[in-house]
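Here's the structure we're looking at; comments come further down.
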Number of protein chains: 4
Amino acid sequence: MPKISRQARRALTEERRKQILDAAARVFAQKGYERATIAEIARTAGIAEGSIYNYFKNKGDLLINIPRQAIQPTVETMSARMTPITSDTLPPEQMLITLAQNMIATIQQNAHIFRILLSTLPTMPQTTRDRYLNQTVLYVLTMLEAYFNQQIKRGVFRRDLNPHTLARAFVGLFFPFILIREVLQVESDQDWTYDEIIQTLVPLFLRGVMADAPKRKSK
Amino acid sequence: MPKISRQARRALTEERRKQILDAAARVFAQKGYERATIAEIARTAGIAEGSIYNYFKNKGDLLINIPRQAIQPTVETMSARMTPITSDTLPPEQMLITLAQNMIATIQQNAHIFRILLSTLPTMPQTTRDRYLNQTVLYVLTMLEAYFNQQIKRGVFRRDLNPHTLARAFVGLFFPFILIREVLQVESDQDWTYDEIIQTLVPLFLRGVMADAPKRKSK
Amino acid sequence: MPKISRQARRALTEERRKQILDAAARVFAQKGYERATIAEIARTAGIAEGSIYNYFKNKGDLLINIPRQAIQPTVETMSARMTPITSDTLPPEQMLITLAQNMIATIQQNAHIFRILLSTLPTMPQTTRDRYLNQTVLYVLTMLEAYFNQQIKRGVFRRDLNPHTLARAFVGLFFPFILIREVLQVESDQDWTYDEIIQTLVPLFLRGVMADAPKRKSK
Amino acid sequence: MPKISRQARRALTEERRKQILDAAARVFAQKGYERATIAEIARTAGIAEGSIYNYFKNKGDLLINIPRQAIQPTVETMSARMTPITSDTLPPEQMLITLAQNMIATIQQNAHIFRILLSTLPTMPQTTRDRYLNQTVLYVLTMLEAYFNQQIKRGVFRRDLNPHTLARAFVGLFFPFILIREVLQVESDQDWTYDEIIQTLVPLFLRGVMADAPKRKSK
DNA sequence: TATGAATGAGGGTTCATTCAT
DNA sequence: GATGAATGAACCCTCATTCAT
């Protein structure tokens, strides 16, 4: 005769897991995975070291579960903003600006997760790495790809372009800025704002990808 | 009195340092800095554990000395190709293609170093990090910036563009591809070649940045 | 919520610390500080190597905490016997004999600690050394000094003497004997007992320090 | 056909040994035996590490050979000053003052050796230790003992005293001062000079040991 | 005989994980 | 489930000693 219903128990457990993963994410982001200690994660989470092992198999298990916990929600938020309906109503420039803004905002809000990803991915085992990537970066790339594909099919973007390439290139445009500011936190490289960058690069990208204006249709 | 001339001794020492750094770079790239052990580095270098400490203060000292050893030579090769003279004689498209090819080739040849950089930089102490960055990425960015600045001043590229931003954006275009293939080694994302990417993105970028050519309006 | 009351936990911890310090003192005394290994201390204490670090910061921390653990109790016993009340009631000869006996007994019971002190003090960092000395030797010297000062003021001991000097000289009288027997354990120098020494040297010292007794001149 | 005569070779070797032992003594005194390194001794001696092994079997061999090298000369100087002839001509007070001054001067000049002795003796193997002691402290004690024996036999010192005990007690009187100043270098205990100490303690000691004045002979 | 790079055993310390309470 | 002390494997680093030159 449990004092708490099974459902309530479940919820409590889930709550605890979140609390621990949150602490782990913070410590991993600050110290890096290897130099983070279970002791510090426990302290940050406000529980005992041993308790962590009631919720996660081991240290690696924490790392594996961080993206679902921390990234997916924001990724989903982002994807929600990219529904076809929206893309119909917005002119490409506006759409791309919004996309870039969302992407950057998402990364900014989860900068510590990105730091973890960067320092961990290169030396992770294949399967873990793929799982991570699918849940995060590739997910976003796939959505972008769909949008570009649509625009190409409509003749808005040049027909000779490959949506796969475009998606990666578009994201890449902003990559160095994000890397420098959010991940590496280089302070000597700060005389710009994301808005300026977006206002410069989206039009630049568009000039590059837009199909020639209909005027020349007669060519 | 030493049996070997001071110069010969110096050369031998330098040789040994290279040998050790090379081993360290390989092991760091494979295991990540923290999980790499001195024992394995020594084994890889074909020497005894203790010998490493005759050439480097400690494990961290190995890390700090890797870029100079492994990257700088290629970085310098690259910079040699970007002299103003060269940039005068080549049309922008050819120049940018060459630059991109060089950059990608450099990274490919030093992919393991890049893996180290990525996994180590985020949790490095500020000063070490800055030193690393200056020797590598920022060095290249600065050169690119100079080139773009030149082209803007000549009216070849749009005058409303900022060379600082352009340099980062140009590098960023290729970043996701490099990341996916060289660093993360995602095998499910391989149906493209760097040449295709370059042939697509350099013109795209150029369309975005070239000033409208009034002279040729009459064409 | 802890399963054990905070007080009980404290007591257990204190017990463990004593157990470890005791083992450390034994091993340090036998091998000397530098040649003693954590492994052997752990073995002697009957615990695992790592456990020591749950109670002490490092090897040096063991050394620093040994005197409080092992000497202070006896030092305090000794000081208890030297209250002014006691010194009032005993004639100087009896008092000094008792003092010498106590001192020697204390050292005998903690001979291994003294061996540690001697071999460690000369090369210790200043602050550690001062802490050590204050807890042990200087503590005793200060007490003696107070006693001599009292006797000088009362005219029992010569007024031209300096209590500071006397305290050191008195302790020094017995020093070579203690050194030879307890610390150096020279076996070829054993045809005497501490009692004989005390019975000889206390009167000798007293003849040296007693004020000429004008009252008894008429005797 | 040696270029150098065998004798000259011998002398050179002996010179080199002295040079090395001198360096070793200095480093041992400063760092303690265990923490002293062959590298530092070699550096101090101005030769290569490996060369030390051409003159001494190993590190321990250095330690064993230091007393003969460094202490014996001064010990011999001291003993020279204590010939019976001298002791005949000087009154006891002058003699003891001279002895104390010589002893203290000797120790002062060789303070570093004393630091080595103190930190090394307690954990040395028996035989090494005895050898050390016989060459140094016991040597001096034996001489003192002879002097006291003479004075007792002459009736200058009390007949009920034991020269063995007296010798140790006399040396002990100055021990704490030497220990505090020369070995432990306690700086907070410096408001006295050796001369003051000697001027106080020698008469004190003499009052304790002198036979009753001849006036009471009639008793 | 002199050199100093090479060696590798050994020691202090950290920390993920276990388990008795 | 919660706790946190106990564990011991693993790692970095030091340094006495050797040996090829």
Side-chain angles (χ1 to χ4, degrees), chain A residues 2-4 9 12-13 16 34-43 46-62, chain B residues 1-4 8-9 12-13 16 34-42 45-62, chain C residues 1-4 8-9 12-13 16 34-42 45-62, chain D residues 2-4 9 12-13 16 34-43 46-62:
Chain A
K3 288 192 178 167
I4 312 177
R9 164 77 48 91
L12 272 180
T13 294
R16 203 52 140 206
E34 299 288 349
R35 278 172 40 221
T37 68
I38 295 290
E40 183 165 4
I41 293 170
R43 211 181 317 126
I47 61 173
E49 278 177 70
S51 302
I52 289 179
Y53 290 84
N54 289 331
Y55 297 92
F56 297 93
K57 219 168 62 250
N58 51 34
K59 196 183 174 186
D61 198 27
L62 287 173
Chain B
M1 210 193 314
K3 291 283 157 63
I4 309 180
R9 168 74 43 90
L12 276 179
T13 294
R16 208 41 145 210
E34 301 285 351
R35 278 172 40 225
T37 69
I38 295 291
E40 183 167 1
I41 293 170
I47 61 172
E49 246 177 284
S51 302
I52 289 180
Y53 293 87
N54 288 335
Y55 297 91
F56 297 94
K57 229 174 43 255
N58 50 35
K59 198 183 173 187
D61 198 27
L62 288 174
Chain C
M1 208 192 317
K3 289 283 156 67
I4 308 180
R9 167 74 45 91
L12 275 180
T13 294
R16 207 42 142 209
E34 300 286 352
R35 278 172 39 225
T37 69
I38 295 290
E40 183 167 1
I41 293 171
I47 60 174
E49 248 176 286
S51 302
I52 289 180
Y53 292 87
N54 288 335
Y55 298 91
F56 297 94
K57 228 175 43 254
N58 50 36
K59 197 183 175 187
D61 199 28
L62 287 174
Chain D
K3 289 193 178 167
I4 311 176
R9 165 78 45 91
L12 272 180
T13 294
R16 204 55 139 201
E34 299 288 348
R35 281 171 39 222
T37 68
I38 295 289
E40 183 165 2
I41 293 169
R43 211 180 317 125
I47 61 173
E49 280 178 69
S51 302
I52 290 180
Y53 290 85
N54 289 331
Y55 297 91
F56 296 93
K57 218 167 62 251
N58 51 33
K59 195 182 174 186
D61 198 28
L62 288 173

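Letters A, B, ... are given to chains in the order of the sequence lines, protein chains preceding strands, and every chain is numbered from 1.
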Quick one: is A:Ser51 getting a side-chain N or O under 4.0 Å of the F:dG1 phosphate, OP1 or OP2?
no
Map C:Gly50 and B:Ala36 onto DNA chain F by nearest heavy atom, then report which one ends up closer to the 5' terminus.
C:Gly50
Strictly below 4.0 Å: does A:Asn54 bring a side-chain N or O up to OP1 or OP2 of F:dG1?
no
Opposite nucleotide pairing with F:dA20, Watson-Crick or G-U, both atom distances under 3.5 Å:
E:dT3
Give the rounded distance in Å between these two atoms: CZ of A:Arg43 and P of E:dC15.
11 Å
How many Å lie between CG on C:Asn58 and P on F:dC12, as a whole number?
20 Å
To the nearest angstrom, the CD1-P distance between B:Ile52 and E:dG8 comes to 13 Å
I need the minimum non-hydrogen distance between C:Asn58 and C:Tyr53, along with the two atoms involved.
CA-CE2, 3.9 Å
Measuring only between side-chain heavy atoms, which start at C-beta, is D:Arg16 closer than 4.5 Å to D:Ile47?
yes
Is any side-chain N or O of B:Tyr55 closer than 4.0 Å to OP1 or OP2 of E:dA6?
yes
E:dT18 C1' sits how many Å from A:Phe56 CZ, rounded?
19 Å
Send over the distance from B:Arg35 CZ to F:dA9 P, rounded to a whole Å.
21 Å
Tell me the interatomic distance from A:Lys59, atom NZ, to E:dT17, atom P, rounded to whole angstroms.
8 Å
Rounding to a whole Å, what distance do you find between B:Leu12:CG and E:dT3:P?
19 Å
What's the closest nucleotide to the C:Thr37 side chain, out of F:dA16, E:dG12, E:dC15?
E:dG12
Atom-pair distance (CG on D:Leu62; C1' on F:dT17), nearest Å
13 Å
Specify the residue among C:Ala48 and B:Ile38 whose closest nucleotide of DNA chain F lies further upstream toward the 5′ end.
C:Ala48
For F:dA6 and C:Arg16 - does any side-chain N or O of the residue sit under 4.0 Å from the phosphate oxygens OP1/OP2?
yes
Does B:Glu49 contact F:dC12 through a side-chain donor or acceptor facing the base, at a distance under 3.5 Å?
no
Closest non-hydrogen atom pair, B:Lys59 against B:Ala36
NZ-O, 2.8 Å
Please report the interatomic distance CD1(B:Ile41) to CD1(B:Ile52), rounded to the nearest 0.5 Å.
5.5 Å
Where is the tightest heavy-atom contact between A:Ala42 and A:Ala48, given as atom of each residue plus distance?
CB-C, 3.9 Å
